[in-house]
Protein chains: 2
Amino acid sequence: MTAPERSLRADARRNREAVLDAAAELFAQRGDAVQMDEIAERAGLGVGTLYRHFVDKRALLAAIIGRRFEAITTLARAADEAQDPWVAFETLLYGYLESAEADAAFRFALLGPEEPSWNDIAAEKTDFSAITERIVRRAVDAGRLREDFRADDFVLITRGAMANMTGAGAWRRHVTLVLEGIRGPEL
Amino acid sequence: MTAPERSLRADARRNREAVLDAAAELFAQRGDAVQMDEIAERAGLGVGTLYRHFVDKRALLAAIIGRRFEAITTLARAADEAQDPWVAFETLLYGYLESAEADAAFRFALLGPEEPSWNDIAAEKTDFSAITERIVRRAVDAGRLREDFRADDFVLITRGAMANMTGAGAWRRHVTLVLEGIRGPEL
DNA sequence: CCTGAACCTGAACTCCGGTTCCGAATATAT
DNA sequence: ATATATTCGGAACCGGAGTTCAGGTTCAGG
(Lines give C-alpha, C1' and ligand atoms only; values in the text may rest on other atoms or scores of the structure.)
Protein backbone atom coordinates (compact mmCIF):
# COMPACT_ATOMS: atom_id res chain seq x y z
CA MET A 1 0.00 0.00 0.00
CA THR A 2 3.05 2.27 -0.13
CA ALA A 3 2.50 2.66 3.58
CA PRO A 4 3.17 6.04 5.16
CA GLU A 5 6.07 4.55 7.09
CA ARG A 6 6.96 6.00 10.41
CA SER A 7 9.45 8.82 10.65
CA LEU A 8 9.29 10.76 7.47
CA ARG A 9 11.06 14.03 7.51
CA ALA A 10 8.58 16.80 8.18
CA ASP A 11 8.81 18.27 4.70
CA ALA A 12 8.53 14.84 3.17
CA ARG A 13 5.30 14.13 4.96
CA ARG A 14 3.95 17.49 3.91
CA ASN A 15 4.87 16.91 0.29
CA ARG A 16 3.41 13.46 0.30
CA GLU A 17 0.15 14.98 1.40
CA ALA A 18 0.37 17.61 -1.32
CA VAL A 19 0.90 14.94 -3.93
CA LEU A 20 -2.02 12.95 -2.69
CA ASP A 21 -4.28 15.98 -2.72
CA ALA A 22 -3.28 17.10 -6.18
CA ALA A 23 -3.62 13.60 -7.53
CA ALA A 24 -7.00 13.10 -5.93
CA GLU A 25 -8.33 16.26 -7.50
CA LEU A 26 -6.98 15.61 -10.97
CA PHE A 27 -7.69 11.90 -11.12
CA ALA A 28 -11.21 12.57 -9.97
CA GLN A 29 -11.67 14.92 -12.87
CA ARG A 30 -10.02 13.08 -15.71
CA GLY A 31 -9.16 9.64 -14.44
CA ASP A 32 -6.16 7.81 -15.77
CA ALA A 33 -5.67 10.47 -18.44
CA VAL A 34 -3.86 12.98 -16.26
CA GLN A 35 -0.11 12.87 -16.52
CA MET A 36 2.50 12.86 -13.84
CA ASP A 37 3.84 16.27 -14.77
CA GLU A 38 0.46 17.83 -14.25
CA ILE A 39 0.16 16.37 -10.81
CA ALA A 40 3.64 17.53 -9.93
CA GLU A 41 2.93 21.03 -11.11
CA ARG A 42 -0.35 21.27 -9.27
CA ALA A 43 1.34 20.04 -6.13
CA GLY A 44 4.08 22.60 -6.64
CA LEU A 45 6.75 19.92 -6.74
CA GLY A 46 9.07 18.23 -9.22
CA VAL A 47 8.14 14.94 -10.83
CA GLY A 48 10.99 13.26 -9.06
CA THR A 49 9.24 13.84 -5.79
CA LEU A 50 6.19 11.94 -6.92
CA TYR A 51 8.40 8.97 -7.63
CA ARG A 52 10.06 9.24 -4.27
CA HIS A 53 6.70 8.59 -2.66
CA PHE A 54 5.11 6.28 -5.17
CA VAL A 55 6.98 3.76 -7.30
CA ASP A 56 4.59 4.07 -10.15
CA LYS A 57 1.85 6.13 -11.61
CA ARG A 58 -0.21 3.07 -10.94
CA ALA A 59 0.75 3.06 -7.30
CA LEU A 60 -0.34 6.65 -6.97
CA LEU A 61 -3.61 5.91 -8.67
CA ALA A 62 -4.09 2.91 -6.42
CA ALA A 63 -3.55 5.07 -3.35
CA ILE A 64 -6.23 7.47 -4.49
CA ILE A 65 -8.63 4.74 -5.37
CA GLY A 66 -7.97 3.08 -2.06
CA ARG A 67 -9.14 6.22 -0.32
CA ARG A 68 -12.39 6.31 -2.22
CA PHE A 69 -12.91 2.69 -1.46
CA GLU A 70 -12.61 3.34 2.22
CA ALA A 71 -15.13 6.13 1.91
CA ILE A 72 -17.54 3.92 0.05
CA THR A 73 -17.17 1.19 2.62
CA THR A 74 -18.00 3.63 5.38
CA LEU A 75 -20.99 4.72 3.40
CA ALA A 76 -22.12 1.13 2.99
CA ARG A 77 -21.82 0.54 6.71
CA ALA A 78 -23.98 3.57 7.33
CA ALA A 79 -26.55 2.42 4.81
CA ASP A 80 -26.76 -0.93 6.52
CA GLU A 81 -27.76 0.92 9.66
CA ALA A 82 -31.11 1.89 8.19
CA GLN A 83 -33.97 -0.08 9.64
CA ASP A 84 -35.91 -0.23 6.36
CA PRO A 85 -34.21 -2.75 4.04
CA TRP A 86 -35.27 -0.86 0.96
CA VAL A 87 -33.94 2.41 2.29
CA ALA A 88 -30.70 0.65 3.04
CA PHE A 89 -30.51 -0.68 -0.48
CA GLU A 90 -31.31 2.59 -2.14
CA THR A 91 -28.93 4.48 0.07
CA LEU A 92 -26.15 2.12 -0.83
CA LEU A 93 -26.94 2.19 -4.52
CA TYR A 94 -27.18 5.93 -4.86
CA GLY A 95 -24.29 6.59 -2.56
CA TYR A 96 -22.12 4.30 -4.59
CA LEU A 97 -23.18 5.81 -7.87
CA GLU A 98 -22.88 9.38 -6.73
CA SER A 99 -19.33 8.66 -5.66
CA ALA A 100 -18.63 7.15 -9.01
CA GLU A 101 -20.12 10.16 -10.72
CA ALA A 102 -17.87 12.46 -8.77
CA ASP A 103 -14.69 10.53 -9.37
CA ALA A 104 -13.44 9.39 -12.75
CA ALA A 105 -10.62 7.44 -11.15
CA PHE A 106 -13.05 5.46 -9.08
CA ARG A 107 -15.04 4.70 -12.20
CA PHE A 108 -11.86 3.71 -13.95
CA ALA A 109 -11.09 1.17 -11.26
CA LEU A 110 -14.61 -0.14 -11.18
CA LEU A 111 -15.19 -0.43 -14.90
CA GLY A 112 -11.81 -1.66 -16.04
CA PRO A 113 -10.71 -5.27 -15.85
CA GLU A 114 -9.52 -6.78 -12.59
CA GLU A 115 -6.01 -5.39 -12.44
CA PRO A 116 -3.91 -7.59 -10.21
CA SER A 117 -2.06 -4.44 -9.20
CA TRP A 118 -5.08 -3.22 -7.28
CA ASN A 119 -4.05 -5.75 -4.67
CA ASP A 120 -3.69 -2.98 -2.18
CA ILE A 121 -7.39 -2.50 -2.31
CA ALA A 122 -8.42 -6.10 -2.15
CA ALA A 123 -9.06 -5.94 1.58
CA GLU A 124 -11.38 -2.97 1.42
CA LYS A 125 -13.09 -4.51 -1.53
CA THR A 126 -13.84 -7.70 0.31
CA ASP A 127 -15.19 -5.69 3.18
CA PHE A 128 -17.46 -3.72 0.96
CA SER A 129 -18.71 -6.84 -0.78
CA ALA A 130 -19.68 -8.40 2.51
CA ILE A 131 -21.76 -5.41 3.49
CA THR A 132 -23.39 -5.25 0.11
CA GLU A 133 -24.24 -8.89 0.36
CA ARG A 134 -25.93 -8.34 3.69
CA ILE A 135 -27.93 -5.38 2.48
CA VAL A 136 -29.08 -7.25 -0.59
CA ARG A 137 -30.11 -10.23 1.47
CA ARG A 138 -32.14 -8.04 3.79
CA ALA A 139 -33.97 -6.46 0.87
CA VAL A 140 -34.65 -9.82 -0.69
CA ASP A 141 -35.91 -11.31 2.56
CA ALA A 142 -38.23 -8.37 2.98
CA GLY A 143 -39.61 -8.97 -0.48
CA ARG A 144 -38.41 -5.66 -1.81
CA LEU A 145 -36.06 -7.24 -4.32
CA ARG A 146 -36.97 -10.19 -6.48
CA GLU A 147 -36.08 -13.49 -4.89
CA ASP A 148 -33.30 -14.40 -7.24
CA PHE A 149 -31.53 -11.08 -6.87
CA ARG A 150 -27.90 -11.62 -6.01
CA ALA A 151 -25.07 -9.39 -4.90
CA ASP A 152 -23.49 -9.89 -8.30
CA ASP A 153 -26.49 -8.20 -9.79
CA PHE A 154 -25.65 -5.13 -7.80
CA VAL A 155 -22.42 -5.01 -9.74
CA LEU A 156 -24.25 -5.41 -13.02
CA ILE A 157 -26.55 -2.55 -12.24
CA THR A 158 -23.85 -0.21 -11.10
CA ARG A 159 -21.67 -0.97 -14.09
CA GLY A 160 -24.63 -0.27 -16.28
CA ALA A 161 -25.30 3.02 -14.60
CA MET A 162 -21.68 4.08 -14.73
CA ALA A 163 -21.60 3.45 -18.45
CA ASN A 164 -24.27 6.12 -18.68
CA MET A 165 -22.34 8.77 -16.84
CA THR A 166 -21.85 10.94 -19.87
CA GLY A 167 -22.94 14.49 -19.46
CA ALA A 168 -26.26 15.10 -17.78
CA GLY A 169 -27.70 12.79 -15.16
CA ALA A 170 -28.66 10.15 -17.69
CA TRP A 171 -27.57 7.47 -15.29
CA ARG A 172 -30.36 8.38 -12.90
CA ARG A 173 -32.88 7.68 -15.59
CA HIS A 174 -31.14 4.38 -16.22
CA VAL A 175 -31.36 3.43 -12.59
CA THR A 176 -34.98 4.43 -12.48
CA LEU A 177 -35.74 2.18 -15.41
CA VAL A 178 -33.92 -0.68 -13.81
CA LEU A 179 -35.62 -0.19 -10.50
CA GLU A 180 -39.10 0.06 -11.88
CA GLY A 181 -38.73 -2.25 -14.81
CA ILE A 182 -39.47 -1.19 -18.29
CA ARG A 183 -42.34 -3.49 -19.06
CA GLY A 184 -45.67 -1.87 -19.74
CA PRO A 185 -49.02 -2.50 -18.06
CA GLU A 186 -50.19 -5.20 -20.43
CA LEU A 187 -48.97 -8.66 -19.49
CA MET B 1 -15.47 8.16 -45.87
CA THR B 2 -12.16 7.50 -47.64
CA ALA B 3 -14.30 6.47 -50.59
CA PRO B 4 -13.11 3.58 -52.74
CA GLU B 5 -12.62 5.95 -55.65
CA ARG B 6 -13.09 4.63 -59.11
CA SER B 7 -10.18 3.13 -61.00
CA LEU B 8 -7.80 1.65 -58.50
CA ARG B 9 -5.11 -0.50 -59.89
CA ALA B 10 -6.06 -4.14 -59.55
CA ASP B 11 -3.46 -4.92 -56.91
CA ALA B 12 -4.37 -1.79 -55.04
CA ARG B 13 -8.00 -2.79 -54.82
CA ARG B 14 -6.99 -6.25 -53.70
CA ASN B 15 -4.69 -4.87 -51.02
CA ARG B 16 -7.29 -2.43 -49.82
CA GLU B 17 -9.61 -5.35 -49.30
CA ALA B 18 -6.93 -7.28 -47.45
CA VAL B 19 -6.33 -4.35 -45.14
CA LEU B 20 -10.01 -4.00 -44.45
CA ASP B 21 -10.35 -7.69 -43.70
CA ALA B 22 -7.36 -7.83 -41.41
CA ALA B 23 -8.44 -4.71 -39.61
CA ALA B 24 -11.99 -5.95 -39.20
CA GLU B 25 -10.80 -9.15 -37.62
CA LEU B 26 -8.30 -7.57 -35.26
CA PHE B 27 -10.36 -4.55 -34.28
CA ALA B 28 -13.29 -6.84 -33.58
CA GLN B 29 -11.12 -8.79 -31.19
CA ARG B 30 -9.26 -6.10 -29.35
CA GLY B 31 -10.75 -2.80 -30.41
CA ASP B 32 -8.63 0.30 -30.52
CA ALA B 33 -5.75 -1.56 -28.88
CA VAL B 34 -4.41 -3.25 -31.99
CA GLN B 35 -1.56 -1.47 -33.65
CA MET B 36 -0.97 -0.60 -37.24
CA ASP B 37 1.97 -2.96 -37.59
CA GLU B 38 -0.14 -5.90 -36.54
CA ILE B 39 -2.75 -5.14 -39.13
CA ALA B 40 -0.10 -4.74 -41.80
CA GLU B 41 1.48 -8.04 -40.91
CA ARG B 42 -1.78 -9.92 -40.85
CA ALA B 43 -2.66 -8.45 -44.21
CA GLY B 44 0.73 -9.47 -45.51
CA LEU B 45 1.61 -5.90 -46.40
CA GLY B 46 3.87 -3.10 -45.25
CA VAL B 47 2.59 -0.39 -42.94
CA GLY B 48 3.06 2.18 -45.63
CA THR B 49 0.35 0.51 -47.63
CA LEU B 50 -2.17 1.01 -44.87
CA TYR B 51 -1.45 4.71 -45.00
CA ARG B 52 -1.82 4.79 -48.74
CA HIS B 53 -5.41 3.70 -48.31
CA PHE B 54 -6.32 5.36 -45.04
CA VAL B 55 -4.94 8.67 -43.84
CA ASP B 56 -5.12 7.67 -40.24
CA LYS B 57 -5.53 4.81 -37.89
CA ARG B 58 -8.73 6.57 -37.00
CA ALA B 59 -9.87 6.56 -40.61
CA LEU B 60 -9.31 2.84 -40.84
CA LEU B 61 -11.19 2.28 -37.63
CA ALA B 62 -14.00 4.46 -38.89
CA ALA B 63 -14.22 2.42 -42.07
CA ILE B 64 -14.60 -0.75 -40.08
CA ILE B 65 -17.13 0.72 -37.74
CA GLY B 66 -19.05 2.08 -40.69
CA ARG B 67 -19.42 -1.44 -42.00
CA ARG B 68 -20.82 -2.71 -38.75
CA PHE B 69 -23.19 0.17 -38.64
CA GLU B 70 -24.56 -0.73 -42.02
CA ALA B 71 -25.04 -4.27 -40.84
CA ILE B 72 -26.85 -3.16 -37.73
CA THR B 73 -29.09 -0.89 -39.74
CA THR B 74 -30.03 -3.76 -41.99
CA LEU B 75 -30.74 -5.80 -38.94
CA ALA B 76 -32.95 -3.07 -37.54
CA ARG B 77 -34.88 -2.87 -40.76
CA ALA B 78 -35.48 -6.60 -40.58
CA ALA B 79 -36.60 -6.40 -36.97
CA ASP B 80 -39.11 -3.74 -37.89
CA GLU B 81 -40.63 -6.22 -40.30
CA ALA B 82 -41.94 -8.37 -37.45
CA GLN B 83 -45.65 -8.04 -36.96
CA ASP B 84 -45.48 -8.36 -33.17
CA PRO B 85 -44.13 -5.08 -31.72
CA TRP B 86 -42.52 -6.84 -28.83
CA VAL B 87 -40.78 -9.32 -31.05
CA ALA B 88 -39.54 -6.42 -33.13
CA PHE B 89 -38.19 -4.72 -30.05
CA GLU B 90 -36.50 -7.77 -28.66
CA THR B 91 -35.04 -8.68 -32.01
CA LEU B 92 -33.56 -5.24 -32.35
CA LEU B 93 -32.24 -5.19 -28.82
CA TYR B 94 -30.59 -8.57 -28.89
CA GLY B 95 -29.33 -8.19 -32.42
CA TYR B 96 -27.70 -4.94 -31.50
CA LEU B 97 -26.15 -6.34 -28.37
CA GLU B 98 -24.94 -9.51 -29.95
CA SER B 99 -23.20 -7.45 -32.59
CA ALA B 100 -21.63 -5.38 -29.89
CA GLU B 101 -20.54 -8.50 -28.08
CA ALA B 102 -18.86 -9.81 -31.18
CA ASP B 103 -17.05 -6.61 -32.04
CA ALA B 104 -14.91 -4.63 -29.66
CA ALA B 105 -14.47 -1.85 -32.20
CA PHE B 106 -18.20 -1.41 -32.45
CA ARG B 107 -18.40 -1.24 -28.69
CA PHE B 108 -15.60 1.25 -28.68
CA ALA B 109 -17.50 3.53 -31.02
CA LEU B 110 -20.72 3.14 -29.11
CA LEU B 111 -19.38 3.59 -25.61
CA GLY B 112 -16.82 6.32 -26.17
CA PRO B 113 -17.68 9.99 -26.38
CA GLU B 114 -19.10 11.46 -29.57
CA GLU B 115 -15.97 11.75 -31.66
CA PRO B 116 -16.51 14.34 -34.35
CA SER B 117 -14.31 12.21 -36.56
CA TRP B 118 -16.99 9.56 -36.79
CA ASN B 119 -18.68 11.94 -39.18
CA ASP B 120 -18.47 9.36 -41.88
CA ILE B 121 -20.94 7.30 -39.97
CA ALA B 122 -23.37 10.05 -39.13
CA ALA B 123 -25.66 9.17 -42.00
CA GLU B 124 -26.00 5.52 -41.09
CA LYS B 125 -26.45 6.49 -37.52
CA THR B 126 -29.34 8.78 -38.28
CA ASP B 127 -30.91 6.04 -40.32
CA PHE B 128 -30.59 3.56 -37.53
CA SER B 129 -32.01 5.99 -35.02
CA ALA B 130 -35.09 6.55 -37.11
CA ILE B 131 -35.83 2.85 -37.28
CA THR B 132 -35.23 2.41 -33.59
CA GLU B 133 -37.60 5.23 -32.89
CA ARG B 134 -40.31 3.59 -34.91
CA ILE B 135 -39.85 0.23 -33.26
CA VAL B 136 -39.95 1.77 -29.83
CA ARG B 137 -43.08 3.70 -30.63
CA ARG B 138 -44.78 0.57 -31.87
CA ALA B 139 -43.97 -1.28 -28.67
CA VAL B 140 -45.14 1.60 -26.55
CA ASP B 141 -48.38 1.96 -28.47
CA ALA B 142 -49.03 -1.72 -28.04
CA GLY B 143 -48.54 -1.35 -24.29
CA ARG B 144 -45.51 -3.62 -24.22
CA LEU B 145 -43.20 -0.86 -23.09
CA ARG B 146 -44.05 1.63 -20.38
CA GLU B 147 -45.66 4.74 -21.74
CA ASP B 148 -42.80 7.07 -21.05
CA PHE B 149 -40.22 4.88 -22.71
CA ARG B 150 -38.22 6.85 -25.24
CA ALA B 151 -35.75 5.97 -27.92
CA ASP B 152 -33.04 7.54 -25.77
CA ASP B 153 -33.78 4.91 -23.19
CA PHE B 154 -32.80 2.31 -25.73
CA VAL B 155 -29.37 3.86 -25.74
CA LEU B 156 -29.23 3.83 -21.96
CA ILE B 157 -30.07 0.17 -21.83
CA THR B 158 -27.62 -0.86 -24.48
CA ARG B 159 -24.81 1.15 -22.95
CA GLY B 160 -25.58 -0.50 -19.67
CA ALA B 161 -25.50 -3.93 -21.19
CA MET B 162 -22.29 -3.26 -23.06
CA ALA B 163 -20.60 -2.19 -19.86
CA ASN B 164 -21.29 -5.71 -18.65
CA MET B 165 -19.67 -7.46 -21.54
CA THR B 166 -16.79 -8.79 -19.50
CA GLY B 167 -16.26 -12.48 -19.74
CA ALA B 168 -19.32 -14.69 -19.59
CA GLY B 169 -22.74 -13.61 -20.73
CA ALA B 170 -23.29 -11.34 -17.77
CA TRP B 171 -24.89 -8.79 -20.03
CA ARG B 172 -27.77 -11.14 -20.74
CA ARG B 173 -28.52 -11.27 -17.08
CA HIS B 174 -28.37 -7.51 -17.01
CA VAL B 175 -30.83 -7.21 -19.84
CA THR B 176 -33.11 -9.71 -18.20
CA LEU B 177 -33.15 -7.67 -15.04
CA VAL B 178 -33.87 -4.53 -16.95
CA LEU B 179 -36.64 -6.13 -18.95
CA GLU B 180 -38.38 -7.71 -16.04
CA GLY B 181 -37.61 -5.14 -13.46
CA ILE B 182 -35.89 -5.94 -10.26
CA ARG B 183 -38.62 -5.11 -7.83
CA GLY B 184 -40.01 -7.92 -5.76
CA PRO B 185 -43.63 -9.03 -5.29
CA GLU B 186 -44.39 -6.81 -2.33
CA LEU B 187 -45.33 -3.33 -3.49
C1' DC C 1 8.00 -5.13 -74.70
C1' DC C 2 8.70 -0.51 -72.81
C1' DT C 3 7.77 3.18 -70.06
C1' DG C 4 5.73 6.08 -66.80
C1' DA C 5 2.58 6.33 -63.28
C1' DA C 6 0.75 4.06 -59.40
C1' DC C 7 1.88 1.38 -55.79
C1' DC C 8 4.54 -1.00 -52.07
C1' DT C 9 8.04 -1.54 -48.48
C1' DG C 10 9.95 -1.02 -43.95
C1' DA C 11 13.56 1.33 -41.74
C1' DA C 12 13.76 5.66 -39.76
C1' DC C 13 11.51 9.47 -37.61
C1' DT C 14 8.48 11.93 -34.38
C1' DC C 15 5.88 12.66 -30.65
C1' DC C 16 4.36 11.64 -26.17
C1' DG C 17 4.38 10.48 -21.56
C1' DG C 18 6.37 7.63 -17.88
C1' DT C 19 10.69 7.08 -15.42
C1' DT C 20 15.45 7.90 -13.93
C1' DC C 21 19.26 10.18 -11.78
C1' DC C 22 22.48 13.11 -9.64
C1' DG C 23 23.80 17.62 -8.11
C1' DA C 24 21.55 21.05 -5.13
C1' DA C 25 18.79 22.06 -1.19
C1' DT C 26 17.02 21.06 3.35
C1' DA C 27 16.11 18.99 7.71
C1' DT C 28 17.75 16.90 11.96
C1' DA C 29 21.10 15.09 15.27
C1' DT C 30 25.02 16.25 17.87
C1' DA D 1 27.22 25.46 13.95
C1' DT D 2 28.55 21.43 11.46
C1' DA D 3 27.98 17.12 9.62
C1' DT D 4 25.25 13.78 7.43
C1' DA D 5 21.36 11.58 5.86
C1' DT D 6 17.06 12.73 3.39
C1' DT D 7 14.68 14.77 0.15
C1' DC D 8 13.88 17.61 -3.93
C1' DG D 9 14.09 19.33 -8.83
C1' DG D 10 13.65 18.87 -13.46
C1' DA D 11 16.41 18.06 -17.57
C1' DA D 12 17.55 13.97 -19.82
C1' DC D 13 16.40 9.45 -20.98
C1' DC D 14 13.66 5.69 -22.97
C1' DG D 15 10.37 2.74 -25.04
C1' DG D 16 6.22 2.44 -27.52
C1' DA D 17 3.13 3.43 -31.21
C1' DG D 18 1.66 6.26 -35.09
C1' DT D 19 3.39 8.21 -39.28
C1' DT D 20 6.57 9.40 -43.15
C1' DC D 21 9.53 8.88 -47.15
C1' DA D 22 13.24 7.51 -50.30
C1' DG D 23 13.89 4.08 -53.08
C1' DG D 24 12.45 -0.41 -55.38
C1' DT D 25 8.52 -2.91 -57.68
C1' DT D 26 4.40 -3.78 -60.36
C1' DC D 27 0.69 -2.71 -63.24
C1' DA D 28 -1.45 -1.04 -67.58
C1' DG D 29 -1.57 1.45 -71.82
C1' DG D 30 0.73 2.21 -76.26
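Everything numeric in this text was worked out from a predicted model, so none of it was measured. Lettering of chains follows the sequences in order, A, B, ..., and the numbering in each one begins at 1.
Residue B/Arg13 contributes atom CZ, which lies 15 Å from atom P of C/dA6 at whole-angstrom precision. For the pair A/Glu41 CD and D/dC8 C1', the interatomic distance rounds to 17 Å; values are reported in whole Å. Across the protein-nucleic acid pair, B/Arg52 atom CZ and C/dG10 atom P stand 15 Å apart, rounded to whole Å. Rounded to an integer number of Å, the gap from A/Arg16 CZ to D/dC8 P is 11 Å. For B/Arg14 and C/dA6, the CZ to P distance is 18 Å, given to the nearest whole Å.
In terms of modelled atom types and a separation under 3.5 Å, the side chain of B/Asp103 and the main chain of B/Ser99 share no donor-acceptor contact. At distances below 3.5 Å, not a single donor-acceptor pair connects side-chain atoms of B/Arg42 with backbone N or O atoms of B/Ala22. Judged purely by atom type and a 3.5 angstrom limit, B/Arg107 has no side-chain atom pairing as donor or acceptor with the backbone of B/Ala163.
Between B/Arg146 and A/Leu177, the closest heavy-atom pair is NH1-CD2, 3.8 Å. Taking both residues in full, the closest heavy atoms of A/Met165 and A/Leu97 are given as CE-O, 3.2 Å, listed atom of the first, atom of the second, then distance. B/Gly160 and A/His174 make their closest contact through CA-NE2, 4.0 Å (heavy atoms, listed as atom of the first residue, atom of the second, distance).
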N/O-N/O pairs, protein side and nucleotides 28-30 of chain C side, under 3.5 Å:
| from | atom 1 | to | atom 2 | distance (Å) |
| --- | --- | --- | --- | --- |
| C/dT28 | OP1 | A/Ala10 | N | 3.1 |

Under-3.5 Å N/O pairs linking protein and nucleotides 16-19 of chain D:
| from | atom 1 | to | atom 2 | distance (Å) |
| --- | --- | --- | --- | --- |
| D/dA17 | OP2 | B/Gln35 | NE2 | 3.3 |
| D/dG18 | OP1 | B/Lys57 | NZ | 2.5 |
| D/dG18 | OP2 | B/Met36 | N | 3.2 |
| D/dT19 | OP1 | B/Asp56 | OD1 | 2.9 |
| D/dT19 | OP2 | B/Tyr51 | OH | 3.0 |
| D/dT19 | OP2 | B/Lys57 | N | 3.0 |

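When Watson-Crick and G-U wobble pairs are counted only if both distances are under 3.5 Å, D/dG30 pairs with C/dC1.
A distance below 6.0 Å separates the ring centres of A/Phe106 and A/Phe69.
Dashed line: the shortest gap from a side-chain N or O of B/His53 to OP1 or OP2 of C/dC7 is not under 4.0 Å. In terms of phosphate contacts, B/Asn15 brings a side-chain nitrogen or oxygen within less than 4.0 Å of OP1 or OP2 of C/dC8.
With salt bridges taken as basic N to acidic carboxylate O contacts below 4.0 Å, one links B/Glu98 and B/Arg172.
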